[in-house]
Amino acid sequence: MSSRVRKPRHEMPKQAPDIRTKNFEEVALGYTPDLAVAEATRCIGCPKKPCVAGCPVGVDIPEFIALIAEGDFLGAAKKVKEKNSLPAMCGRVCPQESQCEAVCTLGKKGAPVAIGALERFSADYERAHGAPLAKGAPSDLSLGKVAVVGSGPAGLTCAAELNRLGYKVVLFESLHATGGVLRYGIPEFRLPKAIVDEEVEYIRRQGVEIRLNVLVGTTITVDELFRQGFDAMFLGTGAGLPYFLGVPGENLNGVYSANEFLTRANLMKAYRFPEYDTPIWVGKRVVVVGGGNVAMDSARTALRLGAEKVSVVYRRSRTEMPARLEEVENAEEEGIEFMLLSNPVRILEDDKGWVKGMECIRMELGEADDSGRRRPIPVPGSELILDVDTVISAVGTNPNPLLIRTVSGLALGRRGNVIADEETGKTNIPGIFAGGDIVTGSATVIAAMGAGKLAAHGIDEYVRTKNGRGM
Amino acid sequence: MYKILKKETLAPKIKLVEVDAPEICAHAHPGQFVVLRMHERGERIPLTIADSDPKTGLLTMVFQEVGKSTTELGTLNEGDCIQDIVGPLGTPRDIEKLDCVICVAGGVGVAPIYPEAKAYHKLGTRVISLIGAQTKDMLIFKDRMEQVSDEVYYSTDDGSFGHKGFVTEVLCNLLEKGLRPDEVIVIGPLLMMREASRVTAKFGVKTIVSLNAIMVDGTGMCGSCRVTVDGETKFSCVEGPAFDGHKVDFNELIARQRRFLAEEKLAMEHYLAGAGGCKCHQE
């Protein structure tokens, strides 16, 4: 046993930094079958399976890894899909290091099993070699009819789970493409859009009806949907309005919200302008403000769009950065500069309304604030001016108000978020459930998926009770 | 897919299309807009709703060919399809019966002002419409506006029809003569809306402008369309597009409208070079 524990973890091969910064293709290349088997055999199959409890959607991790170790890759993919309808996406963007891998028994003495990379491998293998996607809807979708609003990670998961349980699901999306943040937010080099397309197609073939370009609340109201015979509704409308920096000059030309910058690049494919019609402008020297994954994505996108120098300005220290370690390391390898313990004070303007610099102030950390992180405090007299022409503000978003402001009586929290029960997704209005960023504010893909899955079961219970079927 | 059921050329480079969009029409109110995307590689462009009929489900949009996307849109004919249309977007105008309103429209801005004039007219409000264009040939929606207005004044830059000069001069004349409407609504180019707001401010007349900011999603997600109103940053797609003209920072917005000028020019050149010619550089 002890010899198995000491086997080193196999890292996924990656595109070299000097090559990948010149293209938008995926950075991590995924395991080969040999590497996957080698990594899978590191799993000791411990009896307590802490990893399963660490997974918000409860994937049977040791079981699927054992199937990979045996070389049954399609079997492994099937095992994952019993609990997770979007494995190729989760394998790429879940923060495994703070979930399943964080509690892996091997991690106590060395590196945990690379669960995320193995999940990704199984899904990619199935896509490449597979098993054609299941054809046709499950025969019985007669338990009831549910409207799922928003096709991001929460909505997709909720829709897939309800479909699996036997409900007719209509998934509404206001944009022209599905996926929510998976589509507009996360760049191609971290999550290829072909994978989003295929995983959504899988759900569609299972019988979920998808309606694009429908902004529920305005194109069709919530009351109208209920009148059309929907038994329940799940709101997974996600984060919306971006926060700006709240400093002078934030509306100058050359200042983007990360949402705008990434939406242009990802959803609208502006990185292929003018072949695609949506433009994007990036200057020579770019500064991204913020320390989360969105900041890393923005910085790395700016670099790929041709910026000569990209810096990340973050007001706390490296320890407090919410971005995944892997993404911070990727960014560093690519030459992104980190200016930690710094905060913008104002953005300077040239004579034509464009950015010509940003004034920052150094920060130091004081006492812990209500987020548990040490509060950054400006150091008087430490101002400095950065010579930049593009500023990307990646400091978070508000919950999207568009739909929820049309639902009278829906209980909202202090920040405009929907108040929903953590276990069932129930809101204060019978038949309306919610989950994901619309409830929690900006969080992770897998947390939203977990909430979508729990809400699906909450909805199942609600509809069964309402229709007098019992559980 | 939204099929074009009717297409009209209203004036040189100004076109009208009607599509079948029953859900949008059932919920549209004056002042709202849609975002459309022509095809897979298209931009998302906002267009104000020029008319919508909940009975027939016909949605009318009017646009001027200025850049690549609108020029390409102008090539579509009856029977062709627009891939995506979402709406109605934006905050509807709160229209109630007033004694008198003045609708000031410049260029293609006549189309989006028409539903507002129509709504006021229907409530019995006295509607005075001031319509400006570069030249007589560029005047659009003349009949429609006359049907919903008590008085219509025209102006053209070259004097080929009505007053010679800017429509804001006509507005100024009426206010100087002592006319005091409850509200002035202005839709047109930014420079014209800025000037109209400056004129009405002198007379203390409430003024509503409808901003045509650069948008991407149109649902409040990206902040591309942000504008400073009364010192605060607002998203024109969600909180607008109508704002108090006296409080809008027009100079900032005029600068923001120029953000992608170089790219827009490149897109147009790329389009013209590719249109009908060799496609070897496209995948």
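Keep in mind that what you see is a predicted model, and the values were worked out from it rather than measured. Heavy-atom basis, side chains included; hydrogens, waters and symmetry copies ignored.
At a 4.5 Å heavy-atom cutoff, the contact between B:Val238 and chain A is made by backbone and side-chain atoms alike. Contacts of A:Leu241 with chain B are made by both backbone and side-chain atoms, with heavy-atom separations under 4.5 Å. For B:Arg226, the part lying under 4.5 angstrom from a heavy atom of chain A is the side chain only. Of the two parts of B:Glu23, the backbone and the side chain both hold a non-hydrogen atom closer than 4.5 Å to a non-hydrogen atom of chain A. At a 4.5 Å heavy-atom cutoff, the contact between B:Ser69 and chain A is made by side-chain atoms alone. Looking at A:Leu262, there are no atoms closer than 4.5 Å to chain B (heavy atoms on both sides), in backbone or side chain. For A:Asn251, the parts lying under 4.5 angstrom from a heavy atom of chain B are both the backbone and the side chain. In this structure, chain B has a heavy atom under 4.5 Å from the side chain of A:Tyr184, while its backbone stays farther away. Neither the backbone nor the side chain of A:Thr397 comes within less than 4.5 Å of any heavy atom of chain B. Using a 4.5 Å cut-off between heavy atoms, A:Glu250 contacts chain B through both its backbone and its side chain. Contacts between B:Glu72 and chain A at a heavy-atom distance below 4.5 Å involve the side chain alone, from C-beta outward. Heavy atoms closer than 4.5 Å to chain A are found in the side chain of B:Ile214, but not in its backbone.
Minimum interatomic distance between B:Glu43 and A:Pro279 (heavy atoms only, all atoms of both residues): OE1-CD, 3.7 Å. Across all their heavy atoms, A:Thr263 and B:Val216 have their closest contact at CG2-CG1, 3.8 Å. Between B:Gly223 and A:Pro242, the shortest heavy-atom contact is N-CG, 4.3 Å.
The aromatic rings of A:Tyr256 and B:Phe260 are tilted relative to each other, their planes meeting at an angle between 30° and 60°.
You'll find the side chain of A:Pro274 stays beyond 4.5 Å of the side chain of B:Glu263, heavy atoms only. Considering only heavy atoms from C-beta on, A:Asn253 comes within 4.5 Å of B:Arg256 through its side chain. Using a 4.5 Å heavy-atom cutoff, the side chains of B:Leu266 and A:Phe273 are in contact. Two residues are said to be in side-chain contact when any heavy atoms from C-beta on lie closer than 4.5 Å; B:Arg44 and A:Leu175 meet this criterion.
Of the candidates A:Asn213, A:Leu212, A:Thr218, A:Val214, B:Val86 forms a side-chain contact (heavy atoms from CB on, under 4.5 Å) with just one, namely A:Asn213.
Atoms CD and NE2, from A:Glu275 and B:His270 in turn, are 7.0 Å apart once rounded to the nearest 0.5 Å.
Counting heavy atoms of neighbouring residues, nucleotides and ligands inside a 6.0 Å radius, atom CZ of A:Arg405 exceeds 12 of them. Taking a 6.0 Å sphere around NZ of A:Lys356, one finds it holds 12 or fewer heavy atoms contributed by other residues, nucleotides or ligands. Within 6.0 Å of atom NZ in B:Lys247, 12 or fewer heavy atoms from other residues, nucleotides or ligands are found, so the atom counts as exposed in its surroundings.
Top candidate by heavy-atom pairs under 4.5 Å with chain A, chosen from B:Arg37, B:Lys68, B:Glu252, is B:Arg37. Interface summary for chain A: among B:Ile85, B:Ile24, B:Ile45, the most heavy-atom pairs under 4.5 angstrom belong to B:Ile85. No other option in B:Thr233, B:Leu253, B:Asp217 has as many heavy-atom pairs under 4.5 Å with chain A as B:Thr233. Contacts with chain A were tallied for B:Gly218, B:Ala262, B:Cys25, B:Gly87; B:Gly87 has the most, counting heavy-atom pairs under 4.5 Å.
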